[in-house]
A.B. asks: 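Provided herewith is a single structure, encoded as C-alpha cells, for subsequent inquiry.
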Amino acid sequence: MGEHAPQPINSPSRTLYSLLIIWGNTYSSNINSLYIMQKKTIRIITFSKFDAYTSLLFSQLHLLKLHDYIKFQTVYVYVSICAWQSAKYL
C-alpha cells in the first residue's frame, strides 16, 4: 500500500490542476477577482470581520494564497519537465 494509485483522468485534483494552469495564465484582473473571492471565503470560514486582514488567517490555516499557489504550481511543472528531460538523456 506504499505506492500511490494512479488517478483517473477526471479526478478532482486533476481538474483543479488543469484549472490552475488555465487561470494561472490569464489576465491579472481575473486572478485578482478569484483572489478576492478566496479572501472572502477565508473570512467566512474563520468567522472574521468582513475587513479583517487575511495574511495571518492564511498562515494560521496553513493555506497558500492563490498567487502563491499559482507560482508554486508553475515551478513544480517546470521542475518536473526538467527532471523528465534530464532523465531522458541518462
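Here the structure is a predicted model, which means the values were calculated and not measured.
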A.B. asks: Once rounded to the nearest 0.5 Å, what's the spacing between atom CD1 of I36 and atom CD of Q38?
C.D. replies: 11.0 Å
A.B. asks: If the condition is side chain to side chain contact (heavy atoms under 4.5 Å, CB included), which residues does I44 pass it with, not counting sequence neighbours?
C.D. replies: none
A.B. asks: Could you pull out all donor-acceptor pairs under 3.5 Å where a side-chain atom in residues 48-66 meets a protein atom, sequence neighbours excluded?
C.D. replies:
| residue | atom | partner | partner atom | Å |
| --- | --- | --- | --- | --- |
| S48 | OG | T46 | OG1 | 2.7 |
| S55 | OG | K65 | NZ | 2.9 |

A.B. asks: Assess the residue pair V79 and V75 against the criterion (side-chain contact (heavy atoms from CB on, under 4.5 Å)); give the C-alpha distance rounded to whole Å, side-chain angles, the decisive distance to 0.1 Å, and a yes or no.
C.D. replies: CA-CA 6 Å; V79 169; V75 170; 4.1 Å; yes
A.B. asks: For the NZ atom of K39 and the CG atom of N32, what is their distance to the nearest 0.5 Å?
C.D. replies: 9.0 Å
A.B. asks: Please report the interatomic distance CD1(I70) to NE2(H67), rounded to the nearest 0.5 Å.
C.D. replies: 7.5 Å
A.B. asks: Within a strict 4.5 Å, meaning less than it, do heavy atoms of the L34 and M37 side chains meet?
C.D. replies: yes
